[in-house]
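One structure below.
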Amino acid sequence: MTSILFKVLVSAYYRQNAGFFLFLFIVAFGLFTGTQHVQLGRYAVHFFPYLAMIYGTLWVLYTLKVWIFIFKSFANSKNEFLYLIRLYSIWDQVKSLALVQFSLLQPIIAYGVFLVYLGIEELAWMSVLGIFFIFAFLICAPVLLYLRLLKSPNSGQNLPGLITLLPIKLRITYPLFFSFQLLQHQKTLLFLTKILTCFLITGVCLLYKTDQYDERLISIGLLLAGISLNFMTNQYHSFEQSKLLLIRNLPFSSTKRFGLYALAYGLLLIPEYLFLVRYLPKELGYEIAFQGAIYLVSFVVLFHMYLYFNPSNPEKSGKVLFATFFFNLVLIMFKIPVWILSITMLSIAVLLFRKYYEKVEYENEFFVN
Amino acid sequence: MLQITDFKKSYHGIPALEIPYLLIPKGIHWIKGSNGAGKTTLFRSIAGMIPFKGQILLEDTFEVNKNPVEYRLRVNYGEAEPNYPEFLTALDLIQFVGKAKKASEKQMFDLIEQLEIGSYVNNQLGTFSSGMLKKTSLVLSFLGNPSLILLDEPLITIDQKAIENMFRLVQTYQKQGVSFLLSSHQEFKVDEFTISNTYWIENRTVVLKN
């Protein structure tokens with residue numbers, strides 16, 4: 001029973017939330033150094049009531065997310081067989097469900113263990129005890145709710161109603177569609193590419209820290225990041241062609257369509273922006289980070305629009321990509337400001353979009369009915 | 001209502017459909033044709049979803065390429081075999097399309113109720129059966145204030161109850177002046193409305209055969 005619950009609930013949960021954890025990972029380890037994490041932890045264990053309020057609230061919110069996932073999984077008609085676990089003894093049910101809950105809470109439990117370690121080092125016994133109590137509650141209370149759910153199978157169906165009572169209605173809007181698509185179908189590639197681009201950006205920011213910083217290094221780093229992220233443009237075209245053809249029937253002006261694509265890419269590039277801002281050399285102003293962010297999105301948007309002109313010849317696309325990279329590199333070396341390069345690339349992107357968006361014919365467009 | 005002039009659609013140089021001139025009046029029209037005849041190609045062209053050569057004019061005013069926003073506000077399309085992003089809920093998609101088509105929240109929820117998808121509208125589309133997807137696509141095709149609704153194979157994959165619900169909607173919308181182009185291999189045997197014209201797609205063109 002436990003192994004089935006792990007396959008249906010635990011694996012599915014981590015698979016579905018890979019993007020969420022990727023975001024947390026990037027924020028946690030990209031924006032804070034190890035020393036800062038330790039300092040924050042030491043501060044927290046010294047002020048237990050605040051710790052309970054702040055960390056406790058975050059942990060409860062995470063547990064709520066897990067709880068909603070479990071309820072939705074039980075409500076899914078494909079998982080009706082899960083109710084058969086009622087046939088096991090109550091002790092077996094409690095044991096398996098507690099193990100499932102424990103596994104689903106792993107990310108916060110790992111952080112809790114880190115705080116307990118710091119608490120022991122600092123001899124802050126109240127904090128250590130408090131953390132144990134909080135986690136005991138976060139594991140036991142949901143298990144009781146799951147047992148109740150097993151007794152009344154239809155209660156899971158009421159979850160959408162419960163969610164509507166929450167003050168915030170979470171809806172996935174169009175600019176996020178492609179991010180979700182990548183997180184669902186290309187998560188490994190996305191994760192590895194993001195690690196590469198964030199390291200690239202961090203690397204160029206930390207180069208020659210002791211000398212006067214040459215901002216061209218950042219531009220070159222962003223250019224390399226842009227090349228690495230280029231796989232997304234093909235994916236975006238393929239996604240709309242196969243799953244969102246109806247977008248072409250929607251009454252959007254060219255300006256709005258262009259803006260939505262730029263926004264969709266802009267949102268996908270948030271981790272790169274965060275790293276850029278976090279590690280930007282102190283002598284450079286934030287306007288350099290802003291210009292860099294626009295430059296990166298311009299590069300990616302240009303290639304998205306180029307694919308409307310040439311959707312079916314990857315070899316030619318590769319050559320154009322290399323030529324664009326080379327010209328950008330030469331112009332950066334000649335100290336042409338990146339805002340000029342951004343405006344130029346965006347202008348070409350607009351021209352390509354206006355001329356070829358309505359005319360594009362994909363290789364896999366087939367003769368239908 | 002809809003005027004098609006000098007229409008040519010090819011796939012990689014191979015002609016698929018050519019319509020020198022076709023005037024489709026207001027009403028409910030049935031587009032027939034064998035598999036691969038070009039019904040979906042015609043519908044997608046009229047919906048402004050695929051490129052073609054020629055002109056498609058709605059209500060003597062709105063041309064699909066010259067007035068893209070106004071035209072698409074008035075022409076809706078229900079796909080034959082809808083395929084949507086699995087991670088979206090039906091409500092996410094309905095609200096996205098509804099907002100674009102300027103549909104009110106009330107209209108969205110009325111359609112959800114009339115096509116009976118309320119019990120799973122908050123579920124992810126990836127968990128839907130083909131019938132549930134088809135009903136969702138039907139909701140999308142009725143959103144906003146269209147003048148023309150294209151329903152590509154509206155009878156496939158949905159049950160008799162859903163077909164009756166859809167026919168009732170077609171009747172209601174027709175009374176409000178909305179025209180329909182329906183493609184189907186099955187006969188339309190309904191009391192709710194009458195088919196104005198039947199068109200056949202044969203020899204790569206569209207001909208009127210009443």
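Here is how names work: the chains are called A, B, and so on, in the same order as the sequence lines, proteins then strands, and each is numbered from 1.
In this structure, chain B has no heavy atom under 4.5 Å from any part of Thr173(A). Residue contact with chain A, scored on non-hydrogen atoms closer than 4.5 Å, is absent for Ser183(B). Contacts of Gln184(A) with chain B are made by side-chain atoms alone, with heavy-atom separations under 4.5 Å and no backbone atom involved. Using a 4.5 Å cut-off between heavy atoms, Ile247(A) touches chain B through its side chain atoms alone. Using a 4.5 Å cut-off between heavy atoms, Leu125(B) makes no contact with chain A at all.
Across Met49(B) and Arg248(A), no two heavy atoms sit closer than the pair O-CD, 3.2 Å. Of all heavy-atom pairs between Ala100(B) and Pro251(A), the closest is O-CG, 3.1 Å. The two atoms that bring Asn83(B) and Ser242(A) nearest to each other are ND2-O, 3.2 Å, heavy atoms only. Between Glu361(A) and His12(B), the shortest heavy-atom distance links the atoms OE1-N, 4.1 Å.
Residues Pro51(B) and Glu358(A) have side chains not in contact (no heavy-atom distance under 4.5 Å, counting atoms from C-beta outward).
Note: Leu245(A) leads Leu244(A), Leu245(A), Leu183(A) in heavy-atom pairs under 4.5 Å with chain B. When each of Val64(B), Val75(B), Leu91(B), Leu140(B) is scored by its heavy-atom pairs under 4.5 Å with chain A, the top score falls to Leu91(B). Most heavy-atom pairs under 4.5 Å with chain A: of the set Val121(B), Leu73(B), Thr89(B), this distinction falls to Leu73(B). When each of Ala47(B), Pro82(B), Gly126(B) is scored by its heavy-atom pairs under 4.5 Å with chain A, the top score falls to Ala47(B). The most heavy-atom pairs under 4.5 Å with chain A, out of Arg74(B), Glu86(B), Lys102(B), come from Glu86(B).
For CD of Gln106(A), the number of neighbouring non-hydrogen atoms (other residues, nucleotides, ligands) closer than 6.0 Å is greater than 12. Within 6.0 Å of CZ on Arg257(A) lie more than 12 heavy atoms contributed by other residues, nucleotides or ligands. Around atom NZ of Lys8(B), no more than 12 heavy atoms belonging to other residues, nucleotides or ligands sit under 6.0 Å away. Shown here is Gln176(B), whose CD atom has more than 12 heavy atoms of other residues, nucleotides or ligands within 6.0 Å. With a 6.0 Å radius and a threshold of 12 heavy atoms from other residues, nucleotides or ligands, Asn145(B) has its CG atom at or below the threshold. Annotation for Lys243(A): atom NZ counts as buried by contact number, over 12 foreign heavy atoms lying within 6.0 Å.
In this structure, CD1 on Ile50(B) lies 16.0 Å from NZ on Lys359(A), to the nearest 0.5 angstrom. How far CZ of Arg44(B) is from CG of Leu246(A): 10.5 Å, rounded to the nearest 0.5 Å. Taking CG from Leu93(B) and OH from Tyr174(A), the interatomic distance works out to 12.5 Å, rounded to the nearest 0.5 Å.
Exactly one residue among Arg72(B), Lys101(B), Glu79(B) makes a side-chain hydrogen bond (donor to acceptor under 3.5 Å, both in side chains) with Asn249(A). That residue is Lys101(B).
Between Phe96(B) and Phe252(A), the two ring planes are tilted [angle within 30° to 60°].
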Legend entry - Chi angles and distances behind the side-chain contact (heavy atoms from CB on, under 4.5 Å) call for Leu88(B), Phe177(A): CA-CA 8 Å; Leu88(B) 292 180; Phe177(A) 284 5; 3.4 Å; yes
